[in-house]
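Basis for what follows: all heavy atoms, side chains included, without hydrogens, waters or symmetry-related copies. Convention: sequence-line order gives letters A, B, ...; per-chain numbering from 1. Only a predicted model underlies this, so the values are computations on that prediction, with no experimental measurement involved.
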There are 2 protein chains.
Amino acid sequence: MVAQPSARERLLDAAEHLAFTQGVAATPVDVILKQANVAPATLYAHFGNKEGLIVEALRRRLTRWDQDWQLEVDAATTAQEKLLAVFPALSRYRSGPATARWCAFLSVAAESPHPSQLLDEALRSDTELLIERLHELAVPVVGIGEAQGLAERLALILTGVLGMMLRAADPDKVIADGHATAKTIIEATAVSTTP
Amino acid sequence: MVAQPSARERLLDAAEHLAFTQGVAATPVDVILKQANVAPATLYAHFGNKEGLIVEALRRRLTRWDQDWQLEVDAATTAQEKLLAVFPALSRYRSGPATARWCAFLSVAAESPHPSQLLDEALRSDTELLIERLHELAVPVVGIGEAQGLAERLALILTGVLGMMLRAADPDKVIADGHATAKTIIEATAVSTTP
DNA sequence: GTCTATATCAAGATAGAC
DNA sequence: GTCTATCTTGATATAGAC
């Protein structure tokens with residue numbers, strides 16, 4: 001007999017699976033509870049309210065994304081490949097248990113024009129990780145002077161890849177397009193800094 | 001005494017202003033009715049239900065976007081400037097009456113994992129306009145062979161610009177970043193086709 | 001901590017008069 | 001077509017027992 005995950009874990013799993021594929025507002029608490037096989041009071045005892053559950057699910061998600069991305073960075077050999085590793089990392093991440101229709105963080109941000117402080121922090125931590133790690137990885141490729149600008153352009157491209165998934169596009173193709181676009185931008189930036 | 005717009009127009013104005021800045025699900029019908037100074041039954045007589053109102057607001061929005069974009073294309077002189085005109089068009093569009101937090105179409109798509117046929121058509125018409133016009137404008141710049149691929153990469157960049165607005169970024173700066181990124185991509189594609 | 005049952009509330013939609 | 005008033009539903013959260 002297999003040990004069942006705790007009610008807390010089951011709730012997080014269900015919330016992640018449902019809210020980030022169907023949308024948070026479109027996912028009633030009842031449905032999460034049924035999927036997790038957990039009683040209402042248990043949810044509120046653990047997380048306070050629906051938003052608390054979502055915030056915690058986002059945090060757990062960011063940890064997985066951080067790890068998956070770092071794995072791909074470590075696996076890459078050249079500095080340019082490490083900078084581009086965010087695209088294979090996205091493929092890896094999406095093939096794992098962390099299902100989402102496009103991006104859990106952008107999705108919640110889109111649904112929450114006035115987020116609470118707790119939620120806002122969870123959302124910002126995703127963007128901060130994205131920009132900061134891209135910046136670090138960009139320095140060896142284009143130098144400190146161009147690294148911030150390049151990081152922002154790459155974040156824009158990755159965000160575009162995620163957004164294109166809402167336009168009924170094939171995810172694998174879009175990731176490949178983004179990868180190719182980013183490579184062109186990196187090389188154009190690198191050329192301009194090493195004449 | 002100024003003639004007041006019809007109840008229908010007032011409803012569309014209010015729906016556009018509220019639902020596309022706050023989110024559709026986060027905007028109760030009551031609030032739209034109050035802003036439009038219209039009674040509930042009038043809304044349902046004109047549009048059937050809330051979704052009907054949103055669909056109609058999206059359609060009207062796409063017409064405006066189409067016009068604003070075409071204006072900027074016509075104002076541009078070179079073929080490359082016409083292809084890049086989508087970025088100044090976005091600035092123009094956002095400075096007009098059609099307010100939105102990021103993009104009304106992507107926002108509704110994000111909130112609607114299982115759209116009705118009517119809504120799905122309204123959403124797809126936006127993506128179709130985007131890709132098709134970019135394709136037309138790309139042909140004189142990079143030739144028929146590369147035009148489709150370039151159009152898709154530019155759509156990805158524009159979608160990235162819109163998505164970055166959810167990451168608490170400055171809209172004007174993001175549009176400028178996208179413009180510069182697109183210019184690099186276009187020139188890299190043009191170079192590879194005219195050796 | 002977890003359950004069943006339920007209170008509370010907000011939102012979409014409609015009835016019926018004018 | 002438009003108004004006031006209201007019906008109905010569905011969702012979040014809580015009460016109280018075990």
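Applying the ring-ring contact (aromatic ring centres under 6.0 Å, His included) rule to pairs touching residues 135-188 of chain B yields B/F87-B/H179, sequence neighbours excluded.
Of the N and O atoms on the side chains of B/E51 and B/S116, at least one donor lies less than 3.5 Å from an acceptor on the other residue. Between B/S107 and B/R101, the side chains place no donor N or O within less than 3.5 Å of an acceptor N or O (distance only, hydrogens not considered). Of the N and O atoms on the side chains of B/H46 and B/E56, not one donor lies less than 3.5 Å from an acceptor on the other residue.
A nucleotide of DNA chain D counts as in contact with chain B when one of its atoms lies under 4.0 Å from a heavy atom; the first and last such, 5' to 3', are D/dT2 to D/dA5.
Residues of residues 8-25 of chain B that place a heavy atom closer than 4.0 Å to DNA chain D do not occur. Residues from residues 38-50 of chain B that place a heavy atom under 4.0 Å from any atom of DNA chain D, listed by number: B/V38, B/A39, B/P40, B/A41, B/T42, B/H46.
With respect to B/R94 and B/D68, no salt bridge is recorded, no charged nitrogen being found less than 4.0 Å from a carboxylate O. With respect to B/R133 and B/D66, a salt bridge is recorded, a charged nitrogen being found less than 4.0 Å from a carboxylate O.
Taking atom CD1 of B/I32 as the reference point, atom C1' of C/dA13 lies 14 Å away to the nearest angstrom.
With B/T189 as the fixed residue, the side chain to side chain contact (heavy atoms under 4.5 Å, CB included) test singles out one of B/V141, B/T184, B/V142: B/V142.
Contacts of B/A36 classified as side chain to side chain contact (heavy atoms under 4.5 Å, CB included), with partners at least two apart in sequence or in another chain: B/R10, B/L11, B/A14, B/V38. Every ring pair (Phe, Tyr, Trp, His ring centres under 6.0 Å) that B/W69 has, sequence neighbours left out, goes to B/W65.
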- Query: Can you list the steps and then say if B/L154 with B/L83 is a side-chain contact (heavy atoms from CB on, under 4.5 Å)?
  - Reply: CA-CA 9 Å; B/L154 294 179; B/L83 180 52; 3.6 Å; yes
